[in-house]
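The structure appears right after this line, and notes come after that.
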Amino acid sequence: MSSNEQITVAQLSRLVGRPDAPAIIDVRIDEDFAADPVLLPTATRRDYRAVADWASDYADQQQVIVVCHRGLKLSEGVAAWLRQAGIAAESLEGGHLAWRQAGGLTVLPAHLPPAGPSGGSVWVTRARPKIDRIACPWLIRRFVDRKAVFLFVAATEVEAVAERFGATPFDVEGVFWSHRGPRCTFDVMIEEFGLASPALDRLARIVRAADTATLDAEPQAAGLLAASLGLSRMFKHDLEQLDAGMLLYDAFYRWCRDASEETHNWPSARPVSEPRS
């Protein structure tokens with residue numbers, strides 16, 4: 001009989017991509033990971049045998065989900081150990097295998113840069129971001145690496161900062177993470193991280209239209225551009241703008257995922273009453 005401290009695939013899939021999404025820990029053994037080398041969004045791999053050593057890393061998390069191959073002994077045991085350490089932890093019912101069978105979104109970690117001193121990957125790009133340079137950090141933090149660090153520097157110094165500080169450059173010319181033909185950097189990240197999904201694909205079309213001045217391609221692109229330019233005028237510091245922009249992309253993503261069919265019409269049209277004789 002399964003534990004009552006579990007979350008279903010359907011429940012977890014509704015939380016993925018949200019700002020309050022749980023931390024996900026993948027405790028599959030190396031052989032199982034090698035057979036299917038993808039991760040659930042933002043998941044980090046941990047050795048179940050060393051849970052006593054790394055459990056405290058999750059002390060500040062409101063919710064933790066533990067994933068093993070089938071949702072049995074490894075995830076049950078690790079989640080139980082985390083709970084006894086005071087951490088709200090659940091295991092994923094059916095494990096990684098059930099997530100894959102349900103068509104859940106996964107991440108290809110092969111291109112993810114190594115963790116920096118803060119525990120997350122380090123990225124660098126040009127200062128004064130507008131579209132792509134906000135959209136890409138949002139995508140990374142919400143679906144790839146929750147602890148990712150972003151450095152905004154003068155355009156002329158991106159390459160040197162990347163070299164000196166072990167950062168990965170993006171959205172500049174001549175680097176891996178940049179525009180490719182008509183596609184913007186956001187498109188490239190979705191492709192390279194294997195994040196294609198109906199909601200993210202729709203958001204990518206909006207981002208591309210706003211970022212490449214093809215506003216007629218998507219009705220929402222003009223609104224995204226206007227909001228992005230407004231944010232760039234509101235904040236002097238790029239990291240403050242990034243924080244505000246994260247909420248903007250959260251809203252656009254949820255619209256793409258859940259609300260694109262909803263309309264708003266108020267006051268509703270009412271027939272004109274005939275005057276009384």
Side-chain angles (χ1 to χ4, degrees), residues 2-9 11-13 15-100 104-123 137-151 165-168 193-195 246:
S2 63
S3 165
N4 62 350
E5 300 284 359
Q6 287 189 328
I7 188 170
T8 67
V9 167
Q11 290 170 332
L12 181 56
S13 66
L15 300 177
V16 165
R18 289 172 42 161
D20 58 349
I24 302 176
I25 305 172
D26 187 320
V27 296
R28 288 178 292 163
I29 62 174
D30 290 343
E31 290 81 357
D32 288 334
F33 179 77
D36 190 16
V38 298
L39 297 170
L40 272 65
T42 70
T44 54
R45 292 196 69 210
R46 293 282 194 171
D47 185 347
Y48 72 92
R49 293 165 294 190
V51 60
D53 297 326
W54 52 257
S56 60
D57 294 348
Y58 296 87
D60 61 344
Q61 298 296 321
Q62 302 236 341
Q63 184 181 17
V64 175
I65 307 301
V66 185
V67 181
C68 67
H69 184 54
R70 295 183 180 273
L72 300 176
K73 55 185 177 295
L74 297 188
S75 56
E76 285 275 347
V78 169
W81 188 280
L82 293 174
R83 288 194 297 271
Q84 67 81 32
I87 299 165
E90 299 171 285
S91 59
L92 178 63
E93 185 179 36
H96 183 85
L97 186 60
W99 183 267
R100 291 291 269 165
L105 193 63
T106 56
V107 177
L108 293 168
H111 289 305
L112 180 64
S118 67
S121 53
V122 183
W123 304 76
W138 172 84
L139 183 74
I140 291 169
R141 283 187 177 166
R142 293 291 186 258
F143 293 92
V144 182
D145 181 3
R146 293 159 57 98
K147 295 183 178 181
V149 172
F150 296 94
L151 309 177
F165 293 87
T168 298
F193 285 126
L195 286 169
M246 294 289 286

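What you are looking at is a predicted structure, and each value in this text was computed from that prediction instead of being measured.
Every residue two or more places apart in sequence or in another chain that forms a side chain to side chain contact (heavy atoms under 4.5 Å, CB included) with Ile29 is listed here: Glu31, Asp32, Tyr48, Leu74. With sequence neighbours left out, the ring-ring contact (aromatic ring centres under 6.0 Å, His included) criterion links Phe143 to Trp138, Tyr253. Every residue two or more places apart in sequence or in another chain was checked for a ring-ring contact (aromatic ring centres under 6.0 Å, His included) with Phe33, and none qualifies.
The side-chain heavy atoms of Arg46 and Val78, taken from C-beta on, include no pair separated by under 4.5 Å.
Nearest approach of Ile87 to Tyr58, heavy atoms of both residues: CG2-O, 3.8 Å. Nearest heavy atoms, Arg83 versus Glu90: NH1-CA, 4.4 Å. Between Val144 and Leu195, the shortest heavy-atom distance links the atoms CG2-CD1, 4.0 Å.
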List the atom pairs, donor and acceptor, that lie under 3.5 Å between side-chain atoms in residues 18-27 and the rest of the protein, sequence neighbours left out.
residue	atom	partner	partner atom	Å
Arg18	NE	Asp20	OD1	3.0
Arg18	NH2	Asp20	OD1	3.4
Arg18	NH2	Asp20	OD2	3.0
Asp26	OD1	Arg28	N	2.9
Asp26	OD1	Arg28	NE	3.1
Asp26	OD2	Arg28	NE	2.9
Asp26	OD2	Arg28	NH2	2.8

What donor-acceptor contacts under 3.5 angstrom involve side-chain atoms of residues 64-72, with partners at least two apart or in another chain?
none

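Under a 3.5 Å cut-off, the side chain of Trp123 and the backbone N or O of Pro113 do not form any donor-acceptor pair. Trp99 places no side-chain N or O within donor-acceptor distance of the main-chain N or O of Gly94, the cut-off being under 3.5 Å.
Residue pairs that meet the salt bridge (Lys or Arg N to Asp or Glu O under 4.0 Å) test with at least one member in residues 107-119, sequence neighbours left out, do not exist here.
Between Arg45 and Asp30 there is a salt bridge, with a side-chain nitrogen of the basic residue lying less than 4.0 Å from a carboxylate oxygen of the acidic one.
Atom CD of Gln62 sits in a sparse spot, with 12 or fewer heavy atoms from other residues, nucleotides or ligands closer than 6.0 Å.
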